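Residue numbers begin at 1 in each chain, while the letters A, B, ... track the order of the sequences. Keep in mind it's a predicted model, so treat the numbers as computed, not measured.
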Number of protein chains: 2
Amino acid sequence: MVKKTREEALATRQSLLAAALQVFRERGVAHTRLSDVAERAGVTRGAIYWHFKDKAELFQAVCERGTMPVEALLAEASQNALQDPLATVRQLALMALTQLAGHADTQAMFDVIFHKCEFTEELAPVVAKNDADRAACLSQVQRLFDQAVACGQLPADTDTFLATQGLHAYMVGLMHEWVLNPGSYDLAACAKPLLDCYLAGLATRPPICRPDAG
Amino acid sequence: MVKKTREEALATRQSLLAAALQVFRERGVAHTRLSDVAERAGVTRGAIYWHFKDKAELFQAVCERGTMPVEALLAEASQNALQDPLATVRQLALMALTQLAGHADTQAMFDVIFHKCEFTEELAPVVAKNDADRAACLSQVQRLFDQAVACGQLPADTDTFLATQGLHAYMVGLMHEWVLNPGSYDLAACAKPLLDCYLAGLATRPPICRPDAG
DNA sequence: ATAAAAGCATACATGCATGAATGTAAATTG
DNA sequence: CAATTTACATTCATGCATGTATGCTTTTAT
């Protein structure tokens with residue numbers, strides 16, 4: 001009773017990913033031994049080494065499964081951005097927070113990424129992908145802000161680069177801190193007011209960074 | 001030529017802390033071997049085990065050395081908060097960002113804490129101290145926001161709890177992301193406009209979280 | 001000056017996680 | 001229905017980081 005059918009093998013792979021996410025969250029990625037992941041998934045280390053090369057590749061697979069919906073969101077948002085760019089940004093950010101508030105797996109993933117993981121050389125591919133994703137997201141949001149300036153939704157002298165950095169930092173910080181204490185406040189309910197507060201700041205007093213002389 | 005005088009021993013301890021900060025940043029805390037730290041400091045592991053119980057205690061010492069100035073700032077700020085609470089909050093946040101932008105050691109520390117460390121059980125004392133510090137900081141800022149509402153600096157219906165969470169998230173996010181790419185923009189120059197943007201949002205459209213029915 | 005303790009260096013024993021090697025039985029393929 | 005591959009389980013050898021124990025030399029206290 002060793003060999004499984006193809007779909008059973010896929011199920012094994014999925015349960016390995018789920019188990020890894022859990023154990024990563026409990027023990028931290030670096031301190032996690034693959035035997036723990038295997039035990040949690042109800043298999044042995046042999047199964048892990050069959051499906052993945054090593055722990056880094058397993059972690060990479062866990063991350064990619066988690067960031068897939070976000071990327072789909074970004075791609076989808078590039079469509080209907082023409083008429084109301086600010087609303088598009090707002091929707092984008094809102095859906096990210098809503099996804100975090102609602103999905104337990106998403107919470108686990110960000111908990112791992114933010115607090116239970118060391119981004120060192122051995123996870124270089126994950127870091128590289130993170131960097132690429134962030135860069136793509138940032139440039140897309142900045143383009144939306146540029147459009148918002150062109151539409152008159154934002155002041156003409158808005159530094160859209162800084163505005164983008166600020167919004168991204170806001171989002172990262174909200175997720176980073178909220179996953180530490182999901183019970184501290186109702187993120188799903190508070191996401192809108194929190195976002196609108198920052199967007200209002202952008203509209204009334206946008207960041208303007210004069211290229212300082214000296 | 002083994003035994004050192006007392007101040008030489010203190011110097012050894014300091015160089016151990018500095019070396020640990022560097023190696024932690026390069027290799028990550030979990031992957032750092034104490035022999036690396038010792039070698040970087042020009043001693044052997046014996047010196048580490050003399051000054052510290054284990055890696056966790058070493059990391060704790062590194063963290064405490066880094067958070068000391070921040071705590072001093074907070075204590076100092078509780079003094080002159082009466083007449084202009086909003087300006088006090090602004091000053092507080094500004095000094096934190098300025099400190100980060102200017103001090104290389106502070107950058108290293110936050111890089112380690114944000115990206116090169118797993119907060120698991122073995123670092124429980126550090127986590128506990130972090131939690132306590134954050135709670136103290138948040139409650140103090142919220143008190144300032146409450147005063148700001150009383151002064152009329154912020155709208156009467158402002159949810160000061162959410163406003164505090166938002167500002168804290170903003171700060172965390174700014175630091176979290178900026179240490180990843182200190183060259184991406186001039187934090188020292190942009191700290192003011194970035195902060196004022198969020199504070200303007202607080203003044204014009206403060207977060208108000210209605211206790212949602214259903 | 002002598003005893004005691006400080007401040008490390010060195011040597012040793014231990015466990016433990018890894019990765020590779022091998023075994024194996026069922027499931028495909030032709 | 002044979003041959004081959006899949007999908008793991010099991011075993012093994014290895015290295016490596018840790019913690020402890022011990023040794024050694026110089027301060028420091030008295």
Side-chain angles (χ1 to χ4, degrees), chain A residues 1-20 22-24 26-62 116-118 120-125, chain B residues 1-20 22-62 116-118 120-126:
Chain A
M1 51 190 303
V2 171
K3 170 100 192 296
K4 310 285 186 62
T5 180
R6 238 189 304 277
E7 41 182 330
E8 283 175 325
L10 276 182
T12 299
R13 188 191 149 93
Q14 290 306 115
S15 68
L16 277 176
L17 291 175
Q22 288 183 31
V23 181
F24 285 163
E26 293 172 11
R27 306 242 204 284
V29 175
H31 292 88
T32 291
R33 18 195 195 194
L34 295 185
S35 57
D36 289 339
V37 175
E39 186 181 9
R40 181 73 58 103
V43 293
T44 70
R45 274 171 52 242
I48 297 185
Y49 281 103
W50 170 254
H51 285 282
F52 310 96
K53 180 192 168 192
D54 53 12
K55 196 203 284 180
E57 205 176 286
L58 172 62
F59 177 68
Q60 191 177 355
V62 171
K116 305 294 171 51
C117 175
E118 302 182 355
T120 61
E121 300 176 6
E122 70 191 348
L123 282 82
Chain B
M1 54 191 298
V2 173
K3 171 101 192 294
K4 308 286 186 60
T5 179
R6 238 189 303 277
E7 43 181 330
E8 283 175 324
L10 275 182
T12 299
R13 188 191 150 91
Q14 290 306 115
S15 68
L16 277 176
L17 290 176
Q22 287 182 32
V23 181
F24 284 163
R25 191 181 197 182
E26 294 171 11
R27 306 241 205 284
V29 175
H31 293 89
T32 291
R33 5 182 210 203
L34 295 184
S35 57
D36 290 339
V37 175
E39 186 182 8
R40 182 73 59 103
V43 293
T44 69
R45 276 171 51 243
I48 296 184
Y49 280 102
W50 170 254
H51 285 282
F52 310 96
K53 180 192 169 193
D54 53 13
K55 195 203 283 181
E57 204 175 288
L58 172 62
F59 178 69
Q60 191 176 356
V62 170
K116 305 295 171 52
C117 176
E118 302 182 356
T120 61
E121 301 175 4
E122 70 191 348
L123 283 81
V126 182

**Student:** Taking the side chain as every heavy atom from C-beta outward, state whether K55(A) and F59(A) have any atom pair closer than 4.5 Å.
**Tutor:** no

**Student:** How close do A30(A) and H31(B) get, counting heavy atoms only, and between which atoms?
**Tutor:** CB-CE1, 3.5 Å

**Student:** If each of R33(B) and E7(B) is mapped to the nucleotide of DNA chain D with the nearest heavy atom, which maps nearer the 5' terminus, i.e. the 5' end?
**Tutor:**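 Result of the comparison: R33(B).
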
**Student:** Rounded to the Å, how far apart are F52(B) CZ and dC8(C) C1'?
**Tutor:** 14 Å

**Student:** Could you tell me the separation between the CD atom of E122(A) and the C1' atom of dT18(C), rounded to a whole number of Å?
**Tutor:**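 In whole Å, dT18(C) C1' and E122(A) CD are 13 Å from each other.
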
**Student:** Expressed in angstrom and rounded to an integer, what is the separation of L10(B) atom CG from dG7(C) atom P?
**Tutor:**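 The answer, rounded to whole Å, is 8 Å.
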
**Student:** What's the CD-C1' distance between E39(A) and dA17(C), to the nearest Å?
**Tutor:** 15 Å

**Student:** Between P on dA7(D) and CD on Q14(A), what's the gap in Å once rounded to a whole number?
**Tutor:**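 Going from CD in Q14(A) over to P in dA7(D) covers 14 Å.
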
**Student:** For the side chain of R45(A), starting at C-beta, report the closest nucleotide among dT11(D), dA17(D), dA11(C).
**Tutor:**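 Of dT11(D), dA17(D), dA11(C), dT11(D) is nearest to the side chain of R45(A).
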
**Student:** How close do H51(A) and T12(A) get, counting heavy atoms only, and between which atoms?
**Tutor:**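 Scanning both residues, the minimum pair turns out to be NE2-CG2, 4.1 Å.
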
**Student:** Map L34(A) and T5(B) onto DNA chain C by nearest heavy atom, then report which one ends up closer to the 5' terminus.
**Tutor:** T5(B)

**Student:** Given dG7(C), is OP1 or OP2 found less than 4.0 Å from the side-chain N or O atoms of T12(B)?
**Tutor:**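 No, outside the criterion.
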
**Student:** Thinking salt bridges, do R40(B) and E26(B) make one under a 4.0 Å N-O criterion?
**Tutor:** yes

**Student:** Select one nucleotide: of dA17(C), dT18(D), dG7(C), the one nearest the side-chain heavy atoms of A9(B).
**Tutor:** dG7(C)

**Student:** Which nucleotide, dG19(C), dT18(C), dT18(D), lies nearest any side-chain atom of D54(A)?
**Tutor:** dG19(C)

**Student:** Ignoring backbone atoms, establish whether H51(B) has a side-chain N or O less than 4.0 Å from OP1 or OP2 of dG7(C).
**Tutor:** no

**Student:** Which one, dT6(D), dA17(D), dG7(C), comes nearest to the side chain of W50(A)?
**Tutor:** dT6(D)

**Student:** Looking only at side-chain atoms of V43(A), point me to the closest of dG19(D), dT18(C), dA9(D).
**Tutor:**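 Output: dA9(D).
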
**Student:** I48(A) has an atom CD1; how far is it from atom C1' of dA7(D), in whole Å?
**Tutor:** 14 Å

**Student:** Name the residue closer to the 5' end of DNA chain D, choosing between E8(B) and K53(B) according to the nucleotide with the nearest heavy atom.
**Tutor:** K53(B)

**Student:** Starting at CZ of R13(A) and ending at P of dA7(D), how long is that distance when rounded to a whole Å?
**Tutor:** 11 Å

**Student:** NE2 of H31(B) versus P of dT18(D): gap in Å, rounded?
**Tutor:**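 In whole Å, dT18(D) P lies 12 Å from H31(B) NE2.
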
**Student:** Which nucleotide wins on minimum distance to the side chain of A47(B), given the candidates dA17(D), dC8(C), dA9(D)?
**Tutor:** dC8(C)

**Student:** Scan T44(A) against the nucleic acid and name what it touches under 4.0 Å (heavy atoms): base, sugar-phosphate only, or nothing.
**Tutor:** base

**Student:** Considering only heavy atoms from C-beta outward, does the side chain of F24(B) approach that of L58(B) to under 4.5 Å?
**Tutor:**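 Contact flag for F24(B)/L58(B) side chains = yes.
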
